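Since the model is a prediction, treat every value here as computed from it, not as a measurement.
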Amino acid sequence: GDVNFANLETVVTDRNDLTGSLKLFGFRTHPEGVKQLLGMGFNVFSTANNHSMDYGLDGASETLKQLKLLGVVHAGLGATRAEAAAAHVIERRGIRFAFGGVGLGGAGYGSLSRNETRPGQLVPNSERDVDEVTQSLVASDADVKVFSAHYGTEFEVYSAPADRAMFRRVLASGVDMVVGHHQHVV
């Protein structure tokens with residue numbers, strides 16, 4: 001495909017000195033692993049999820065640094081609230097696709113609702129956060145606007161009524177597509 005999207009559910013770093021969060025699973029991927037994904041054809045990623053903060057603020061900063069060095073288009077994780085809410089555009093065959101994302105916070109660091117000037121992500125259970133990402137997408141000059149959401153309860157096949165209502169509101173605002181992930185089911 002021309003646009004191949006994936007949820008990049010990991011910290012990206014070549015460092016071994018980062019302290020992991022106290023949780024059952026802490027994910028860390030070397031930048032070479034991301035290069036492999038790029039080589040397979042993936043060209044845009046969501047970075048807002050419950051593992052983006054597995055190595056705290058330093059891990060999030062490392063992810064942002066490494067993805068920038070690789071030239072990776074990604075949405076959701078940002079150095080500030082404004083960056084996390086921003087729409088990111090990729091163009092293929094003359095069609096512009098904008099991606100924005102929210103994700104369940106990780107290790108207590110994820111949400112930028114209280115502190116807007118440090119690395120983190122916006123969350124799906126905050127109307128303010130969802131609205132900011134939606135507004136950024138709608139304001140973009142893209143032809144196709146994609147809202148990525150890392151949300152929901154693991155292993156639940158159906159989205160909760162509140163989530164479906166949120167997605168309907170996002171679509172009614174002018175977003176073309178909602179892509180959801182996290183639940184570990186199709």
Side-chain angles (χ1 to χ4, degrees), residues 1-15 27-55 59-106 110 112 119-124 129-130 132-152 167 170-171 173-186:
D2 294 318
V3 178
N4 298 296
F5 171 85
N7 174 42
L8 189 62
E9 196 162 0
T10 185
V11 169
V12 180
T13 184
D14 58 0
R15 292 175 50 187
F27 299 151
R28 182 177 65 184
T29 300
H30 194 279
E32 290 296 321
V34 177
K35 282 185 185 178
Q36 291 295 316
L37 292 172
L38 294 169
M40 293 170 62
F42 289 100
N43 51 17
V44 62
F45 297 95
S46 169
T47 48
N49 55 65
N50 59 303
H51 289 286
S52 65
M53 304 296 291
D54 280 359
Y55 287 82
S61 294
E62 268 294 299
T63 297
L64 294 168
K65 178 182 98 175
Q66 294 297 334
L67 294 180
K68 183 175 183 176
L69 289 171
L70 292 169
V72 172
V73 177
H74 66 93
L77 184 66
T80 64
R81 180 179 185 84
E83 285 183 23
H88 298 271
V89 177
I90 183 171
E91 185 172 334
R92 294 295 185 268
R93 297 187 190 207
I95 300 171
R96 294 173 56 80
F97 297 83
F99 289 84
V102 295
L104 296 170
L112 285 170
Q121 63 193 13
L122 304 187
V123 295
D129 289 4
V130 170
E132 283 186 36
V133 173
T134 300
Q135 290 165 9
S136 179
L137 284 166
V138 171
S140 75
D141 65 350
D143 303 299
V144 179
K145 298 163 185 179
V146 181
F147 183 96
S148 169
H150 199 74
Y151 79 101
F167 296 146
V170 167
L171 292 167
S173 297
V175 170
D176 298 297
M177 183 185 312
V178 173
V179 178
H181 34 87
H182 173 66
Q183 293 163 278
H184 299 275
V185 295
V186 177

Margin query: Just to verify, what does Ala6 make a side-chain contact (heavy atoms from CB on, under 4.5 Å) with, not counting sequence neighbours?
Written below: Phe42, Phe45
Next item on the list: Report yes if some heavy atom in the side chain of Glu9 is under 4.5 Å from a heavy atom in the side chain of His150; otherwise report no.
Entry: yes
Notebook entry, point to check: So do the side chains of Val72 and Gln66 get within less than 4.5 Å of each other, counting heavy atoms only?
Noted result: no
Check: Is Asn43 close to Val73 at the side-chain level, that is, under 4.5 Å between some pair of heavy atoms?
Finding: no
Check: At their closest point, which heavy atom of Asn4 faces which heavy atom of Gly41, and how far apart are they?
Finding: ND2-O, 2.9 Å
Next item on the list: Find out whether Leu70 and Pro31 are in side-chain contact, i.e. whether some heavy atom of one side chain is under 4.5 Å from a heavy atom of the other.
Entry: yes
Margin query: I need the minimum non-hydrogen distance between Ala75 and Gly101, along with the two atoms involved.
Written below: CB-N, 4.2 Å
Notebook entry, point to check: Do you know the tightest heavy-atom contact between Val138 and Ser173?
Noted result: CG2-O, 3.3 Å
Notebook entry, point to check: Who are the salt bridge (Lys or Arg N to Asp or Glu O under 4.0 Å) partners of Glu62, not counting sequence neighbours?
Noted result: Arg15, Lys65
Next item on the list: State which residues pass side-chain contact (heavy atoms from CB on, under 4.5 Å) with Ser148; sequence neighbours excluded, sorted by chain then number.
Entry: Phe5, Ser46, His181
Next item on the list: For residues Leu67 and Thr47, report the shortest heavy-atom separation together with the two atoms involved.
Entry: CD1-CG2, 3.7 Å
Notebook entry, point to check: Is there side-chain contact between Glu83 and Leu77, with heavy atoms separated by less than 4.5 Å?
Noted result: no
Note to self: Do Phe147 and Leu171 have side chains that approach each other closer than 4.5 Å (heavy atoms only, starting at C-beta)?
What the structure shows: no
Notebook entry, point to check: Looking at side-chain heavy atoms only, is the closest gap between Leu37 and Leu8 below 4.5 Å?
Noted result: yes
Check: Would you say the side chain of His30 lies within less than 4.5 Å of the side chain of Asp14, judging by non-hydrogen atoms?
Finding: yes
Next item on the list: Could you go through the side chain to side chain contact (heavy atoms under 4.5 Å, CB included) check for Val146 and Asp176 one step at a time?
Entry: CA-CA 6 Å; Val146 181; Asp176 298 297; over 6 Å; no
Note to self: Minimum heavy-atom separation for Ser61 and Pro119, please, with both atom names.
What the structure shows: OG-CG, 3.3 Å
